[in-house]
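Below is one structure; the comments refer to it alone.
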Protein chains: 4
Amino acid sequence: MATPDKPRMQAGRAPERRNEQARLAVLHAADDLLAELGYDGVTIEGIAARAGVAKQTIYRWWPSKVDVLMDTLREDAERLNVTPQKSVRQEIRLRLRRLVEFLGKDPAGLVLLALIGQAQHDAPTAARLTEDFFAGQREQDRERLRRGIDRGELAAELRVEEAIDALYGPIYFRALVTHERMPRSYLDRLVESVLGTSGLG
Amino acid sequence: MATPDKPRMQAGRAPERRNEQARLAVLHAADDLLAELGYDGVTIEGIAARAGVAKQTIYRWWPSKVDVLMDTLREDAERLNVTPQKSVRQEIRLRLRRLVEFLGKDPAGLVLLALIGQAQHDAPTAARLTEDFFAGQREQDRERLRRGIDRGELAAELRVEEAIDALYGPIYFRALVTHERMPRSYLDRLVESVLGTSGLG
Amino acid sequence: MATPDKPRMQAGRAPERRNEQARLAVLHAADDLLAELGYDGVTIEGIAARAGVAKQTIYRWWPSKVDVLMDTLREDAERLNVTPQKSVRQEIRLRLRRLVEFLGKDPAGLVLLALIGQAQHDAPTAARLTEDFFAGQREQDRERLRRGIDRGELAAELRVEEAIDALYGPIYFRALVTHERMPRSYLDRLVESVLGTSGLG
Amino acid sequence: MATPDKPRMQAGRAPERRNEQARLAVLHAADDLLAELGYDGVTIEGIAARAGVAKQTIYRWWPSKVDVLMDTLREDAERLNVTPQKSVRQEIRLRLRRLVEFLGKDPAGLVLLALIGQAQHDAPTAARLTEDFFAGQREQDRERLRRGIDRGELAAELRVEEAIDALYGPIYFRALVTHERMPRSYLDRLVESVLGTSGLG
DNA sequence: TTTTAATCGAGACGGTACGTCTCGTCTTAAA
DNA sequence: TTTAAGACGAGACGTACCGTCTCGATTAAAA
C-alpha cells in the first residue's frame, strides 16, 4: 500500500516555509562585505541592507553573524574535497594544494580565516567550527592515512594524528601567523618529510 | 662624567608626566576582563571603569584596545625567553615547552591567542603583532638553529625557515584550531622528527 | 411571517460569509487587552493570539485596531440609550447618570476614553468617532431638548447647543482631564443649573 | 563683606554640564514633528535626526517622548498666565480667551491636546500631566475665584470647584470631543452664565 | 613661591550597531 | 474562499560602546 505522498509531513517536521532567495542573498551579502570591509565591516544591519532583506529575517534563521558565515563556509568547503587518486600520497598532496589555494586566493578562504579568528574570542564559535568543519575534514584525512597504511603505501609506524598535525600545522601557521604564501615546492617537501619518500610519488 | 639627573630628558622628548599607577591599572584591568568576559568583553569603557581611570586617559596613551593588549603581551612575553643550555636541541625543547605552557595555562597566553584572532580580522593588527612579537621571536629561533648548525649539532642541510614552521606549526595548530593540549612526549617526538635524532638529546 | 434567517442580508450587501465566532472573539480579546494592558498593549498580534485567530483575519475585516475598538464601542453604547421618562429633565438626568457610570465603571467606557485619546493623535480617528458615535448621541440630546422646549418643560430661550456643551463639558472634563469621579449630587446640581429649576423635577 | 561668589559649589549640586543648545534643538524638533506628522510621527529617532542630536542624548535627559513634550508644554504654558486686571471677572475672561486661542491656534496647544490624548492611554502620563500642568493652572483659578468672592465681585454661594469645571468643561469638551471652535461671544455667555451677570462686566 | 601646562577622573556629546518588537503584506496548506 | 500559521520588508525601540570633547582638580616642572 503506497504511502500518501503528500509533501512535507515527514516525521513531525515543520513545513519550513523558508524563502530560498532571501537565504542566498544573505549569504552572498555577508561574503561580499567580508571581502570588501573586513570582519568588523560585516554587520547584521549591513547584510540586511545589501541583501534587501529585513534584519528580522536574518535573526529568524541565524542567531548571529558567525552563523551566517558558518553557512557560507559550509557551502564553499566542498571545493576542498578530493576524488580518489592513484596513490594516497597523491591524494594528500592534492588536498593540501587545494587548501593552500583556498586559504590564499578564494574569498571563501577569508571566511574560514575570519571564523578561526573569531573562535579565539568566543568559545562557542570554536566549538561550532570544530563540529561543523574541522571534525569532518580531519575524519577524511584520518581515513585516508589509514588507507595508505593498509595498502602499504605508508609506513606502518606512522602516527596518524601527529602526521595530520605535522601536515596541516605549518600550512595554518603560515596562513594565520606569518601570513606568508606557501610555495608548491615547499608543500611537496612538507608532504615528503612527513609521509616519507617513496618511489611511488 | 655627570649623568643627566633629570628624569628622562633624552633627545627633545617631552617630559612624559605619565601616571605609572594608571598605566598598570589599565593593563591589569584589560587582562582581567579578557580572562573573565572574553575578547568582546574587553571594552575601553569597561577597562576604564574597572581600572578607575577616565576613558580619555586610555585614549591618550593607547590608540585602541588592541594596543593595550599588545602592551600586556610585551610585558609577559619575557617568560618565553630561554637562557643558554648545554645543547641547542635542549634550548629549543625548553623554549617550545615554555610556549606550550604559555598558550595552555598562562593568562598571558590568552592575550596572545586573542591578538592572533584579532589579526585575522584586521590587517594592521596582523602587522603590529608580527613586528612587535613574532619577528623578534622568530629571529631568536633562527639564530639558535644557525648556531646549532655551526656547532655541528644540527644537520647542515636543515632548512632553517621550514624547520621553524615545522616546529611551531603543530603547536599553534593545536592551540588555534583543534584546541587540544600538546603532551610533553608528543612535543619531544616533534623536536626529534624535525631536528633529527641525536645521541646528545 | 418568517424573518429571513440568513445572517444579515440587508440591502444588496454581499453575502458576508463571515465567521461570527471569530468576530466576537476578536472584539472580546481587544476589550480584554485594553482593560489589562492599556491602549498600547492592544496590538493586532496580541488580539490575534488571544482570540485564536490569524492576523490576516483581523486585517481582512478591520483596517486597524481603532476600528476594532470602534466596533466594540458600537456594541456597548446602547447602554447609554434612555427610554422615554415622565419629563425631559428626568430623561436627561438619567442619560447623564448612565454616561457617568459608563465612563467610570464600565469596561466599555474605557474603550470610549481610549478612542477619544487616540482621536487627539489622529484626525481620521477623530472624524470616525464623531460620525459613528458622537453625532448620533448629540442628535438624540438635541431632539430631547427641543422636545422639552416644545412641551414647555424647558425655557424657550434655552440655547440647545450651548446647553448640551454645558451638560457634557464638565462630565468629559472630569473624565478626561481631572480624572475625578462626579458624584450624583454634583450631577443633579449641574442639570439644574443648566436647565433651570422646575417644580416638575 | 560679601562671600566670594564663585559659581558652582552651592550645596553639593552636580555641575549639570548640560548642553543647552541640544536641549532646545530637541524641544523644537519634537514640536515640529508633532505639527507636521502628528503624535505617532514623533519618534525618538525622528527627533534625534531632526535635532542633529544622538538618541542617547535624548534618553539621557528624558525618559520618553512624553517627557520631551511635557517640557515643551512647560515652556509654552506661560502664555496662559494673566496679569491682574480691574476685575476678577475680567481676569477670568481673559484667561479663558488665552486658553481658547492656545488650544485653537498655537502649536503648543497641539502639544497639550496630544498629551491629554496620551493620558487616556497611559496612567503615569495622566498623573504627570496633572502634577506638572493642571494642578498649577487650577490652583491659580481657585485662588482667583476666592479672591472674587472675598472682594464681593462674585456671589458668596459660588461653588468654586464646580464653577471651574463649568468654565473649563465646555472649552475642553469642544477642543477634545467636538473639535469645534468656541467663538468669543459664546465664551462671554459662558462666563456670564457661570459667574452671574454683573454691572461691572 | 608662583606660574604654567600637562595629566587626571568624570562624563556629555554625535554616532553606529545591537537584538527585539510590532507593523501591515504576502504565501502556503487545510478545511 | 476562508481560515490559521507564519515568513517577509520595514522601521522604531532602548542599550552598549565608540572616539571626541570639555570641565575643574591635581601635580610637577619652570620661572
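Naming convention: chains lettered A, B, ... in sequence-line order (proteins, then strands); numbering from 1 in each chain.
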Quiz item: For the helix from E/dT1-F/dA31 to E/dA31-F/dT1, how many degrees between its two end axes (five pairs per end), to the nearest 10°?
Solution: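 That helix gives 10° between its end axes.
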Is the shortest side-chain N to carboxylate O distance from [X] to [Y] below 4.0 Å?
{"X": "A/Arg50", "Y": "A/Glu36", "value": "yes"}
{"X": "D/Glu131", "Y": "D/Arg128", "value": "no"}
{"X": "D/Glu75", "Y": "D/Arg23", "value": "yes"}

Quiz item: In Å and rounded to the nearest 0.5 Å, what is the CG to CD1 distance from D/Leu69 to D/Ile47?
Solution: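 Taking CG in D/Leu69 and CD1 in D/Ile47, the distance rounds to 6.5 Å.
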Practice problem: Measure the CG-OG1 distance between D/Asp32 and D/Thr72 for me, rounded to the nearest 0.5 Å. | Solution: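 Nearest 0.5 Å value for the CG-OG1 distance: 10.5 Å.
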Quiz item: Taking the six-membered ring of D/Trp62, is the NZ or CZ of D/Arg18 close enough (under 6.0 Å from the centre) and on axis enough (within 45°)?
Solution: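 Yes, D/Arg18 sits over the ring of D/Trp62.
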Exercise. Write down the atom of B/Val68, the atom of B/Ile58, and the distance for their closest heavy-atom approach.
Key: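 The pair with the smallest heavy-atom distance is CG2-CG2, 4.3 Å.
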Practice problem: Mind listing the closest non-hydrogen atom pair of A/Pro63 and A/Asp67 along with its distance? | Solution: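 So the two residues come closest at CD-CG, 3.5 Å.
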Mind calculating the distance between [atom1] ([X]) and [atom2] ([N]) to the nearest angstrom?
{"X": "A/Arg18", "N": "E/dC26", "atom1": "CZ", "atom2": "C1'", "result": "18 Å"}
{"X": "B/Glu20", "N": "E/dT7", "atom1": "CD", "atom2": "P", "result": "15 Å"}
{"X": "D/Arg23", "N": "E/dA12", "atom1": "CZ", "atom2": "P", "result": "16 Å"}
{"X": "D/Ile58", "N": "E/dG15", "atom1": "CD1", "atom2": "P", "result": "12 Å"}
{"X": "C/Asp40", "N": "E/dC21", "atom1": "CG", "atom2": "P", "result": "16 Å"}
{"X": "C/Trp62", "N": "E/dC23", "atom1": "CH2", "atom2": "P", "result": "15 Å"}
{"X": "D/Asn19", "N": "F/dC23", "atom1": "CG", "atom2": "P", "result": "11 Å"}

So, OP1 or OP2 of [N]: does either fall under 4.0 Å of a side-chain N or O from [X]?
{"X": "B/Arg60", "N": "E/dC8", "result": "yes"}
{"X": "B/Trp61", "N": "E/dC8", "result": "yes"}
{"X": "B/Thr57", "N": "E/dG9", "result": "yes"}

Once hydrogens and angles are ignored, does a donor-acceptor distance under 3.5 Å link the base of [N] to the side chain of [X]?
{"X": "B/Gln56", "N": "F/dC21", "result": "yes"}
{"X": "A/Arg17", "N": "E/dT27", "result": "no"}
{"X": "C/Lys55", "N": "E/dG24", "result": "yes"}

Quiz item: Which word best sums up how the rings of C/His121 and D/Tyr39 line up, parallel for under 30°, tilted for 30 to 60°, or perpendicular for over 60°?
Solution: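 Aromatic pair C/His121/D/Tyr39 classed parallel.
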Quiz prompt | Listed partners of B/Phe133 passing ring pair (Phe, Tyr, Trp, His ring centres under 6.0 Å), at least two apart | solution =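 B/Phe133 satisfies ring pair (Phe, Tyr, Trp, His ring centres under 6.0 Å) with no residue once adjacent residues are dropped.
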Quiz item: Considering only F/dT15, E/dC8, E/dG14, which nucleotide approaches the side chain of D/Tyr59 most closely?
Solution: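 So the side chain of D/Tyr59 is nearest to F/dT15.
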Quiz item: Given that B/Gly52 and A/Lys65 both sit by DNA chain E, which one's nearest nucleotide is further toward the 5' end?
Solution: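 By nearest-heavy-atom nucleotide position, the 5'-most residue is B/Gly52.
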Exercise. Strictly below 4.0 Å, heavy-atom distances to any atom of DNA chain E: list the hits from residues 44-51 of chain C, or just say none.
Key: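 Correct list: C/Ile44, C/Glu45.
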Practice problem: Hey, which sits more toward the 5' end of DNA chain F by its nearest nucleotide, B/Val42 or A/Ala54? | Solution: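 So the residue in question is A/Ala54.
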